[in-house]
Amino acid sequence: MTTQQLEAQIRLKKSFLCIGLDVDLNKIPQHLLATEDPIFEFNKAIIDATHDLCVSYKPNTAFYEAYGIKGWQSLEKTINYINENYPEIFTIADAKRGDIGNTSSMYAKAFFEDLSFDSVTVAPYMGKDSVEPFLAFENKHTIMLALTSNEGAFDFQTLETNGQELYKTVLETSKNWKNSENLMYVVGATKAEYFTEIRKIVPNSFLLVPGVGAQGGSLSEVCKYGMSENVGLLINSSRGIIYASNGTDFAEKAREEALKLQVEMEGILSKK
Ligand SMILES: O=c1ccn([C@@H]2O[C@H](COP(=O)(O)O)[C@@H](O)[C@H]2O)c(=O)[nH]1
């Protein structure tokens, strides 16, 4: 999917919501455990109930890898289901990969070719040659960690190196990499006060913003400081939506939570 197609979906749906599909078998409704593939059945119901309210789904691969080969099969079925039934949705494999060049190329093939995700998250720690293999894929997007939502973000990301905070160096340096137009960045919703500075460096890039909902980040604060001319934000909520209920009404309740965020987003977009 191109960036322009994603922007068109945001305008059409009046939403820049990304729903996180972080499926934990201990948290999903009991009745699904009797099915052959509880993870897929859960995702399918959530997707069918919410696809018109969001522009993106983000399975975090940890929640699938934790269940071995069966989990990976559930991930494959989930991405195929989205691509076949809702091809307008922007898909994110939250896998936080990155390694020496030839290994990164194989990670990129796994997520972009084998699984057909639109994007994958990567860690910037190994530098340019670990990220450029992902950027080489046309109409695919590499979402690089910049300033994460957790407390540990302050351990390294905000430390000063050569007179500026490391996350700023990551943003600035990566703009010069080959095919950098395929880059997006992760910035946590819990760090809303940093968005003004971030927008000075990457005024037009898409930012994937996790941390609204269960982690307490504020949607309105993020939008106030982080919204670009073309919106440029994908706001993620996972647990806050998908675990709204663990009864038979789980998909309905997930829709209600997604709708609350979509309505807030529509309000923000109308004032833009
Ligand atoms: O800085 C980051 C980067 C990634 N995440 C991931 O996003 C979701 C958030 O889930 P919630 O349940 O809405 O808190 C999850 O997959 C994280 O691993 C993040 O939270 N912060």
Side-chain angles (χ1 to χ4, degrees), residues 10 15-24 27 53-63 90 92-96 98 119-125 141-161 164-172 174 183-228 231-244 254 257-258 260-265 267-269:
I10 291 174
S15 171
F16 40 101
L17 178 61
C18 168
I19 298 181
L21 301 173
D22 296 354
V23 187
D24 179 342
K27 289 190 181 157
L53 303 174
C54 67
V55 292
S56 178
Y57 288 109
K58 180 180 81 64
N60 188 315
T61 58
F63 289 82
F90 182 76
I92 303 170
D94 192 357
K96 301 185 184 70
S119 67
V120 62
T121 58
V122 302
Y125 200 72
H141 305 267
T142 302
I143 313 182
M144 201 162 75
L145 300 179
L147 185 61
T148 55
S149 66
N150 59 327
E151 196 52 34
F154 299 114
D155 288 346
F156 303 120
Q157 295 163 24
T158 53
L159 288 187
E160 290 210 354
T161 56
Q164 75 172 358
E165 290 159 293
L166 183 58
Y167 77 90
K168 290 186 181 171
T169 305
V170 165
L171 292 168
E172 248 161 33
S174 63
L183 270 173
M184 298 181 176
Y185 301 95
V186 173
V187 181
T190 52
K191 308 280 190 310
E193 66 276 22
Y194 288 81
F195 276 81
T196 308
E197 286 296 298
I198 287 167
R199 278 301 181 204
K200 285 183 191 160
I201 307 171
V202 287
N204 301 313
S205 301
F206 258 95
L207 306 178
L208 169 63
V209 185
V212 163
Q215 296 177 54
S218 154
L219 170 62
S220 60
E221 288 285 289
V222 169
C223 293
K224 187 167 159 194
Y225 302 112
M227 198 169 259
S228 71
V231 182
L233 296 172
L234 288 172
I235 305 281
N236 178 83
S237 175
S238 308
R239 288 167 291 177
I241 293 178
I242 66 173
Y243 299 129
E257 290 307 312
K260 282 183 205 160
L261 285 170
Q262 186 276 324
V263 167
E264 200 178 338
M265 288 176 181
I268 292 167
L269 290 173

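We count residues from 1, following the sequence as given. From a predicted model like this one, the values you see are computed outputs, not experimental measurements.
- Taking each heavy atom of V120 and A95 in turn, the nearest pair found is CG2-CB, 4.1 Å.
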**Asked** Can you list the steps and then say if L17 with M265 is a side-chain contact (heavy atoms from CB on, under 4.5 Å)?
**Response** CA-CA 8 Å; L17 178 61; M265 288 176 181; 3.9 Å; yes
**Asked** Can you check side-chain contact (heavy atoms from CB on, under 4.5 Å) on K27 and I242, steps first, answer last?
**Response** CA-CA 10 Å; K27 289 190 181 157; I242 66 173; over 6 Å; no
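- Counting only heavy atoms from C-beta outward, the side chains of V209 and L234 never approach each other to under 4.5 Å.
- Here the side chains of N236 and S238 are in contact, with some heavy-atom distance below 4.5 Å.
- Side-chain contact annotation: T158 with E165, donor-acceptor N/O pair under 3.5 Å absent.
- Nearest heavy-atom pair, E257 versus A244, reported as atom, atom and distance to 0.1 Å: CG-CB, 3.6 Å.
- If you take CG on D22 and OG on S237, they are separated by 9.5 Å, rounding to the nearest 0.5 Å.
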**Asked** Does the side-chain contact (heavy atoms from CB on, under 4.5 Å) test come out yes or no for L53 and S15, once each step is laid out?
**Response** CA-CA 7 Å; L53 303 174; S15 171; 5.6 Å; no
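- Side-chain contact, T190 with Q215: no donor N or O sits under 3.5 Å from an acceptor N or O.
- Using a 4.5 Å heavy-atom cutoff, the side chains of K191 and Y225 are not in contact.
- Using a 4.5 Å heavy-atom threshold, the side chains of I241 and L261 count as touching.
- Considering NZ of K168 and NZ of K200, their distance stands at 7.0 Å, rounded to 0.5 Å.
- Heavy-atom contacts from other residues, nucleotides or ligands closer than 6.0 Å to CD of E151 number 12 or fewer.
- Distance CG/L183 to CE/M144: 5.5 Å, rounded to 0.5 Å.
- Under 3.5 Å, the side chains of E264 and S220 contain no donor-acceptor pair of N or O atoms.
- The shortest non-hydrogen separation linking A146 to Q157 is O-OE1, 3.5 Å.
- Contact detail for D24 and Y243: the closest heavy-atom pair is N-OH, 2.7 Å.
- The side-chain heavy atoms of S174 and Y185, taken from C-beta on, include a pair separated by under 4.5 Å.
- In this structure, the side chains of V122 and K96 stay at 4.5 Å or more apart for every pair of heavy atoms.
- Here the CE-CG distance, from M227 to L207, works out to 11.0 Å after rounding to the nearest 0.5 Å.
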**Request:** Step by step, work out the side-chain contact (heavy atoms from CB on, under 4.5 Å) result for I235 and C18.
**Result:** CA-CA 6 Å; I235 305 281; C18 168; over 6 Å; no
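- Atoms OG and CG, on S228 and N204 in that order, are 6.0 Å from each other to the nearest 0.5 Å.
- With sequence neighbours excluded, the residues that form a side-chain hydrogen bond (donor to acceptor under 3.5 Å, both in side chains) with K58 are D94.
- Checked against the 6.0 Å centroid threshold, F90 and H141 count as a close aromatic pair.
- Contact annotation: the side chain of L233 never approaches that of F206 to less than 4.5 Å [non-hydrogen atoms, C-beta and beyond].
- Separation of atoms CG (N60) and OG1 (T121) is listed at 7.0 Å; rounding is to 0.5 Å.
- Under a cut-off of 6.0 angstrom, the local environment of CZ in F154 is crowded, with over 12 non-hydrogen atoms contributed by other residues, nucleotides or ligands.
- Between Y167 and Y194, the two ring planes are perpendicular [angle over 60°; tilted spans 30° to 60°].
- In this structure, V186 and P210 have side chains that are in contact, with non-hydrogen atoms separated by less than 4.5 Å.
- Between R199 and G226 the shortest heavy-atom distance is NE-O, 2.7 Å.
- For the pair I268 and C223, the tightest heavy-atom approach, listed with the atom from each and the gap, is CD1-SG, 3.8 Å.
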